[in-house]
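Okay, so here's the structure we're looking at.
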There are 2 protein chains.
Amino acid sequence: MDVSCCLPLAERRVPAEAAAVLAPAFKALGDPVRLQLLSMIASAESGEICVCDLTPAFDLTGPTISHHLRTLREAGLVDAERRGTWVYYRARTGILRQLAALLTVAPAT
Amino acid sequence: MDVSCCLPLAERRVPAEAAAVLAPAFKALGDPVRLQLLSMIASAESGEICVCDLTPAFDLTGPTISHHLRTLREAGLVDAERRGTWVYYRARTGILRQLAALLTVAPAT
DNA sequence: GGACTGTCTCGACGTCTGTCGAATCAGACA
DNA sequence: TGTCTGATTCGACAGACGTCGAGACAGTCC
């Protein structure tokens with residue numbers, strides 16, 4: 001997602017092609033578990049966090065967390081890296097900034 | 001959605017309750033048609049736009065557009081008002097600002 | 001009132017999604 | 001090599017979603 005986009009949504013109509021690219025990212029954010037996962041990843045002290053720290057934070061099985069992480073990965077919101085036994089996730093801040101920019105509205109006039 | 005929330009997602013872990021409230025808004029944005037609809041509404045010259053201007057802009061039936069508009073309404077992203085024969089939609093900028101704030105990431109250090 | 005137009009609701013359909021348990025893969029370490 | 005642990009993939013299932021056609025509702029105008 002090296003989006004061409006990113007004029008604020010309220011500035012002009014977002015073209016169909018841009019919408020097709022951007023919607024999946026919002027869709028990935030559209031689940032409470034994934035929103036929390038992303039938040040835990042993005043707010044991690046060292047910039048990254050181990051799956052082994054994410055899984056026990058939810059009342060869900062490992063496979064389910066893994067599934068949500070894959071969704072975030074495929075939406076381009078996070079990156080994963082295996083180091084030895086553990087897998088670390090890190091947020092892709094570029095995309096987050098783009099999404100934020102898209103939602104930005106001019107202050108009330 | 002009079003969200004208590006809205007510390008940036010990367011600042012601290014968003015609590016489960018906040019996630020439950022915010023996720024539906026992102027979910028509503030997670031469809032290309034709704035993203036374009038919202039964009040058309042938010043970028044309308046007069047601040048509002050008639051359904052009769054929205055429907056023909058897509059290759060979808062009236063009921064389908066109506067369904068998407070309802071989804072946006074129920075997510076708190078837009079307001080609808082009937083005036084005579086026509087129904088006008090208008091964006092709720094407060095929520096958009098909150099969502100943008102949530103996604104805001106500190107500039108690279 | 002009756003006919004017409006614009007919008008929404010209802011019911012149905014195929015598809016996608018969130019969840020799980022079982023099985024599999026990847027490394028570490030005897 | 002064999003075994004153990006952490007993470008992912010696979011297969012299945014119930015429920016949600018996007019779409020449509022048909023019908024209902026709200027206003028306007030004759």
Side-chain angles (χ1 to χ4, degrees), chain A residues 16 19-41 44 46 48-91, chain B residues 16 19-41 44 46 48-91:
Chain A
V21 172
L22 292 163
F26 285 118
K27 190 176 197 177
L29 294 175
D31 180 281
V33 173
R34 286 196 294 266
L35 206 48
Q36 290 177 81
L37 280 171
L38 178 59
S39 177
M40 291 178 73
I41 295 168
S46 59
E48 62 183 11
I49 190 169
C50 174
V51 172
C52 60
D53 289 326
L54 295 172
T55 305
F58 298 86
D59 211 15
L60 294 169
T61 64
T64 298
I65 297 297
S66 193
H67 161 71
H68 284 305
L69 288 173
R70 180 220 275 261
T71 302
L72 289 173
R73 235 162 43 223
E74 291 180 343
L77 294 167
V78 301
D79 271 331
E81 183 192 356
R82 163 157 237 140
R83 283 208 301 280
T85 305
W86 291 281
V87 176
Y88 295 88
Y89 278 78
R90 144 183 323 267
Chain B
V21 173
L22 294 163
F26 285 118
K27 192 176 196 174
L29 295 175
D31 180 281
V33 173
R34 286 194 296 266
L35 205 48
Q36 289 176 83
L37 280 171
L38 178 60
S39 177
M40 290 178 73
I41 296 169
S46 61
E48 62 183 10
I49 189 170
C50 174
V51 173
C52 60
D53 289 327
L54 295 172
T55 305
F58 298 87
D59 210 15
L60 293 169
T61 65
T64 298
I65 297 298
S66 190
H67 160 70
H68 284 306
L69 289 173
R70 179 218 275 260
T71 302
L72 289 173
R73 235 162 45 224
E74 291 180 344
L77 293 167
V78 302
D79 272 331
E81 183 192 354
R82 162 159 239 140
R83 283 209 300 281
T85 305
W86 293 280
V87 176
Y88 294 88
Y89 278 77
R90 142 183 324 267

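These numbers come from a predicted model, not from an experiment. Chain letters run A, B, ... following the sequence lines, proteins first and then strands; every chain starts at 1.
- Under the rule for a side-chain hydrogen bond (donor to acceptor under 3.5 Å, both in side chains), A:R82 has no partner lying at least two apart in sequence or in another chain.
- Under the rule for a salt bridge (Lys or Arg N to Asp or Glu O under 4.0 Å), A:D53 has no partner lying at least two apart in sequence or in another chain.
- When the side chain to side chain contact (heavy atoms under 4.5 Å, CB included) test is applied to B:A44, the partners found at least two apart in sequence or on another chain are B:I49.
- The residue A:R34 sits close only to the backbone: its heavy atoms come under 4.0 Å of sugar-phosphate atoms, none of a base.
- Scored by the side-chain hydrogen bond (donor to acceptor under 3.5 Å, both in side chains) test, A:H68 finds A:R34 as partners (sequence neighbours excluded).
- Distance check, rounded to the nearest 0.5 Å: CG of B:L37 to OG1 of B:T55 gives 8.5 Å.
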Distances for protein N or O near nucleotides 5-11 of chain D N or O, under 3.5 Å:
from: D:dA7; atom 1: OP1; to: A:C52; atom 2: N; distance (Å): 3.1
from: D:dT8; atom 1: OP1; to: A:Y89; atom 2: OH; distance (Å): 2.9
from: D:dT8; atom 1: OP2; to: A:S66; atom 2: OG; distance (Å): 3.0
from: D:dT8; atom 1: O5'; to: A:S66; atom 2: OG; distance (Å): 3.2
from: D:dT9; atom 1: OP2; to: A:R70; atom 2: NH2; distance (Å): 3.2

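- Here A:A16 pairs with B:Q36 under the side chain to side chain contact (heavy atoms under 4.5 Å, CB included) rule; sequence neighbours left out.
- Atom pair B:D59:CG and D:dT19:P shows a separation of 11 Å (rounding to whole Å applied).
- Here A:E74 pairs with A:R70 under the side-chain hydrogen bond (donor to acceptor under 3.5 Å, both in side chains) rule; sequence neighbours left out.
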Would you list the atom pairs, donor with acceptor, under 3.5 Å between side chains in residues 57-65 of chain A and any protein atom, with sequence neighbours excluded?
from: A:T61; atom 1: OG1; to: A:T64; atom 2: N; distance (Å): 3.4
from: A:T61; atom 1: OG1; to: A:T64; atom 2: OG1; distance (Å): 3.1

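- Every residue meeting the side chain to side chain contact (heavy atoms under 4.5 Å, CB included) condition with B:A80, not counting sequence neighbours, appears here in chain and number order: B:R73, B:V87, B:Y89.
- Under the salt bridge (Lys or Arg N to Asp or Glu O under 4.0 Å) criterion, B:R90 pairs with B:E48, sequence neighbours left out.
- Rounded to 10 degrees, the angle between the two end axes of the helix from C:dG1-D:dC30 to C:dA30-D:dT1 is 20°, with five pairs used at each end.
- Contact footprint of chain B on DNA chain C: nucleotides with an atom under 4.0 Å from a non-hydrogen protein atom, first to last in 5' to 3' order, C:dG6 to C:dT9.
- Comparing A:R83 and A:D31, the nucleotide of DNA chain C nearest to each residue sits closer to the 5' end for A:D31.
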